[in-house]
Amino acid sequence: MNEEIRFAFGQTSLGTILVASSNQGVVAVLLGDDPRELVGNLKDRFPKASFVSAEREQALVARVAAAVEAPESALDVALDVRGTAFQQRVWQALRDIPSGATVSYAEVARRIGAPKAIRAVAGACAANPLAIAIPCHRVVRNDGTLSGYAWGVARKRALLDRETVR
DNA sequence: TATTCCTGTCCTG
DNA sequence: CAGGACAGGAATA
């Protein structure tokens with residue numbers, strides 16, 4: 001394989017973001033505090049790929065960053081989602097969640113036809129490499145509380161605050 | 001409220 | 001290949 005992945009950084013009110021793309025589309029959108037940390041994260045997820053810092057990705061980063069600041073606007077970029085069949089099913093279901101809404105893990109499990117596989121759904125969310133593009137932050141516990149978030153519960157809460165209609 | 005079992009996937013030995 | 005860990009939930013006492 002030894003595939004080439006292009007990436008670039010951006011700044012949002014939530015911190016630094018990294019957007020990485022293959023020839024097929026975006027493979028990862030990562031959130032963090034430090035660019036160095038994000039690159040390390042990216043390499044962990046795609047150990048076999050080679051990475052190129054690409055200026056022309058800045059336009060793409062800008063679109064994703066805009067989606068962070070204004071979640072109600074749709075983010076229509078090509079995605080190259082990698083994962084098991086189960087994970088793909090979960091992530092597809094997540095993309096159907098409208099902005100401003102939240103869904104429980106049980107609800108997601110029911111939608112993908114595995115109502116008992118709640119913990120598996122949580123695992124798939126945790127493994128989701130596409131922050132924002134796949135709104136795993138809209139998945140909360142059955143009682144409405146936030147449990148965890150791969151990039152920090154504080155960011156999860158901030159995102160939900162921003163898109164919740166009051 | 002606390003315990004226990006269930007669940008699908010990934011990670012480690 | 002086996003065992004444990006996980007961003008949960010429901011049933012039981």
Side-chain angles (χ1 to χ4, degrees), chain A residues 1-3 5 7 12-22 24-51 64-65 67-69 71-72 75 79-166:
Chain A
M1 292 298 280
N2 197 10
E3 152 180 56
I5 291 180
F7 69 94
T12 73
S13 55
L14 297 180
T16 303
I17 67 170
L18 179 153
V19 180
S21 319
S22 69
Q24 326 293 326
V26 178
V27 291
V29 176
L30 308 179
L31 299 173
D33 299 315
D34 169 34
R36 221 174 36 75
E37 162 201 349
L38 292 177
V39 173
N41 193 327
L42 182 64
K43 289 183 178 176
D44 281 347
R45 290 176 189 271
F46 303 95
K48 296 184 176 176
S50 58
F51 300 96
V64 179
V68 173
E69 310 298 343
E72 64 273 7
L75 176 64
L79 299 181
D80 179 12
V81 184
R82 319 232 169 145
T84 66
F86 181 83
Q87 288 171 332
Q88 304 240 10
R89 246 180 290 144
V90 173
W91 297 338
Q92 175 131 10
L94 296 186
R95 293 208 293 161
D96 288 336
I97 304 173
S99 171
T102 58
V103 176
S104 71
Y105 291 90
E107 174 70 15
V108 175
R110 203 163 52 74
R111 287 189 192 180
I112 65 172
K116 302 298 183 77
I118 299 161
R119 287 198 82 154
V121 170
C125 293
N128 164 34
L130 290 162
I132 314 301
I134 294 177
C136 54
H137 59 275
R138 293 187 190 137
V139 186
V140 298
R141 268 165 60 167
N142 200 15
D143 57 12
T145 59
L146 309 186
S147 41
Y149 191 54
W151 299 282
V153 179
R155 287 196 178 92
K156 182 172 185 175
R157 185 162 24 236
L159 282 166
L160 289 175
D161 271 357
R162 192 164 303 181
E163 62 187 47
T164 298
V165 187
R166 306 196 185 91

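Per chain, numbering begins at 1; letters A, B, ... match sequence-line order.
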In this structure, how many angstroms lie between the [atom2] atom of [N] and the [atom1] atom of [X], rounded?
| X | N | atom1 | atom2 | result |
| --- | --- | --- | --- | --- |
| A:I112 | B:dT7 | CD1 | C1' | 12 Å |
| A:R110 | C:dG9 | CZ | P | 13 Å |
| A:D44 | B:dC11 | CG | C1' | 14 Å |
| A:R119 | B:dC10 | CZ | P | 15 Å |
| A:D143 | B:dT1 | CG | C1' | 14 Å |
| A:N142 | C:dA11 | CG | P | 11 Å |
| A:R89 | B:dT9 | CZ | C1' | 12 Å |
| A:I118 | C:dG8 | CD1 | C1' | 6 Å |

Under-4.0 Å side-chain N/O to phosphate OP1/OP2 contact, A:T84 with B:dC10: yes
OP1 or OP2 of B:dC10 under 4.0 Å from side-chain N/O of A:Q87: yes
Base-pair map of DNA chain C as dot-bracket, where | denotes pairing with a different strand and pairs are Watson-Crick or G-U under 3.5 Å: ||||||.||||||
Test item: A:K156 side-chain N/O and A:V139 main-chain N/O as donor-acceptor pair under 3.5 Å: yes
Polar side-chain atom of A:E107 near backbone of A:S104 as donor-acceptor pair, under 3.5 Å: no
Qualifying residue for side-chain contact (heavy atoms from CB on, under 4.5 Å) with A:V26, from A:V19, A:D80, A:L75, A:V81: A:V19
For A:I17 against A:L38, the heavy-atom pair lying closest together: C-CD1, 4.0 Å
Counting side-chain heavy atoms from CB outward, which of [options] is closest to [X]?
| X | options | value |
| --- | --- | --- |
| A:A120 | B:dG8, C:dA7, C:dG9 | B:dG8 |
| A:R141 | C:dA7, B:dT7, C:dG9 | C:dG9 |
| A:A117 | B:dT7, C:dA7, C:dG9 | B:dT7 |

Pairwise side-chain contact, A:V27 with A:E3, heavy-atom cut-off 4.5 Å (strictly under): no
A:L42 side chain reached by A:F51 side chain, heavy atoms, under 4.5 Å: yes
Residue whose closest nucleotide on DNA chain B lies nearer the 5' end, A:G83 versus A:K116: A:K116
Sugar-phosphate, base or nothing in reach of A:A150, heavy atoms under 4.0 Å: base
Atom pair CG (A:L94) and CD (A:Q87), whose distance is rounded to the nearest 0.5 Å: 11.5 Å
